[in-house]
Amino acid sequence: MSINIDEKSSWPITFNKPLIIAGPCSAESQQQMLKTANELKKHNNLLFRAGVWKPRTRPNSFEGIGEKALKWLDIVKKETGLKTTTEVANAMHVEEALKYDIDVFWIGARTTVNPFAVQEIADALKGTNKPIMVKNPINPDINLWMGAIERFNAVGLTKIAAIHRGFFAYNNSKYRNIPQWQLPIELRQRIPGIPMICDPSHISGNRNLIFDISQKAIDMNYDGLMIETHINPNEALSDNSQQVNPDQLNNILNNLVIRNSEIENDEFKSSLRELRIQIDDLDNELLDVLKRRMNVAEKIGIHKKEKGVTILQSKRWKQLFSSRIQNGVKSGLSEEFMSRLLKAIHQESINRQTKIMNK
Ligand code: PEP
Ligand code: MN
C-alpha cells in the first residue's frame, strides 16, 4: 500500500528546520497555559502543545482536565497567535478538539499500538484533512507504526508526520524509553518525505539528556523537535522530571548546531564522494578476504573429517584469539570490537565445518 504525504511546504505549519513543538505535558490551568505560551511566542512558528486527556499507565495519576482545557488552548491561540496541538485517543476527543479549532492532532504511543482506536480516530477525522502526528508505538514494532499511518492516509489524510518518542525496554537505566534510532530511519526509508519529529522529553525522561538527544536528531536530519516545556516544571502534575522551563528551552535551542543536509559546497561534495568510493572499495576487499578465509576453513573441515577429529580445537582457538586481539589493539582497534569480530568469524567457520562433517 503506498502512502501519499503532502509536501511540507503545503502544511499549515512551517517546518523551519527544525519545527519546534513546545508546551506542557498537561494543561493544568489557564494561568499555567498562558504564562508558558507567552514565554514561548517569541520563537518563530512554534507549535504549542498541551495534553488535555492524559493516558496514564496507572490509574489515580492526573488524567487531564478534558474539554475545559480545550478552551484554554483556544485562548492561548487567540492571545498569542501560536498554533496549537493536542493528543486525541478516541472519536469523542476528535469531535471536541475540532470544535476548538486545534490546528494539529497527535496520536499517543499507547494509542498507536491499538488498530481499533486508530481506525476510530481516522474515521472521525475523515474529510477534515487535519495534520496528524503519529507517535511510535510503545513496543519497537515498525509495522504498527506504519499501520497507523496507513489508516490515516486511507481515509484521505495527507498531512501526516511521525514522532519518535522511544521504545519501552526492561532493564533500561539511562533512558525512560530507548531510542532505537534504526527504527525511525527505516520508517523514513519506507515512507519517503514523511516529516520526522523527535520527542527527546519522552525518550529521556530526564531534562538533562534533552540537549544531546535533540542534537543527535538534528544531525540525523529530523524535521522537528517536541520538547515538553512548563512554566514551573518541578510543580508539574505529570512528567515533571523531563520538562524544562522556557529559559531552559531557549538554552537548548540556542546551543543546537544546525547542519546542512543539502551540501552546497562543491569541493566538500566531491571529497566526500571520493572518500565514499574508498569505503566501498575497502568493504569489497574485506568481503573478498572473508570469502577466501571461509574457503580455507572449509578445507580444514575436510581434513578434520578425514582424520576424525573434532571441529573445535580449543587450544588453537585460544591462541588464535589472543594473538589476533593483540595485533588488532596494536593497530588501534578496540579490544571489544576485535573480540566481537573474531567470535563472529569463528562462528561462521564452525558452521561451515559442521556442514562438511554432516555431509
Ligand atoms: C505526551 O506527549 O505527553 C505523551 C503522553 O506522550 P507518549 O504518548 O509518547 O507517552
Ligand atoms: Mn508527557
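All ligand and atom numbering here is 1-based and tracks the order in the structure.
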- Run the salt-bridge test on E186 and R190 with the 4.0 Å N-O cut-off and return the result as yes or no. yes
- Give the other cluster members for I356, using side-chain heavy-atom distances under 4.5 Å between Ile, Leu, Val, Met, Phe, Trp and Tyr residues; answer none if it is isolated. I302
- Message: Counting only heavy atoms and a distance below 4.0 Å, can you name the residues contacting ligand 1?
- Response: C25, R49, K54, E87, W106, G108, A109, R110, K135, R165, H202, E228
Report, one line per pair, each donor and acceptor closer than 3.5 Å where one atom sits in a side chain of residues 329-338; sequence neighbours left out.
unit_1	atom_1	unit_2	atom_2	d
S331	OG	N327	O	3.0
S334	OG	F337	N	3.1
E336	OE1	R340	NH2	3.1
E336	OE2	R340	NE	3.4

- Item | N-O pairing of D103 and K130 below 4.0 Å | no
- Item | Side-chain heavy-atom pair I213, C198 within 4.5 angstrom cut-off | yes
- Task: Would you tell me whether N4 and T158 have side-chain atoms, one donor and one acceptor, within less than 3.5 Å of each other?
- Result: no
- Leaving waters out, which protein N, O or S atoms fall under 2.8 Å from the Mn ion (ligand 2)? C25 SG, H202 NE2, E228 OE2, D239 OD2
- With a 3.5 Å cut-off and no angle check, do the side chains of N16 and K8 form a donor-acceptor pair? no
- Message: More than 12 heavy atoms of other residues, nucleotides or ligands under 6.0 Å from NZ of K35: yes or no?
- Response: no
- With side chains defined as the heavy atoms from C-beta onward, is the minimum distance between L98 and T128 less than 4.5 Å? yes
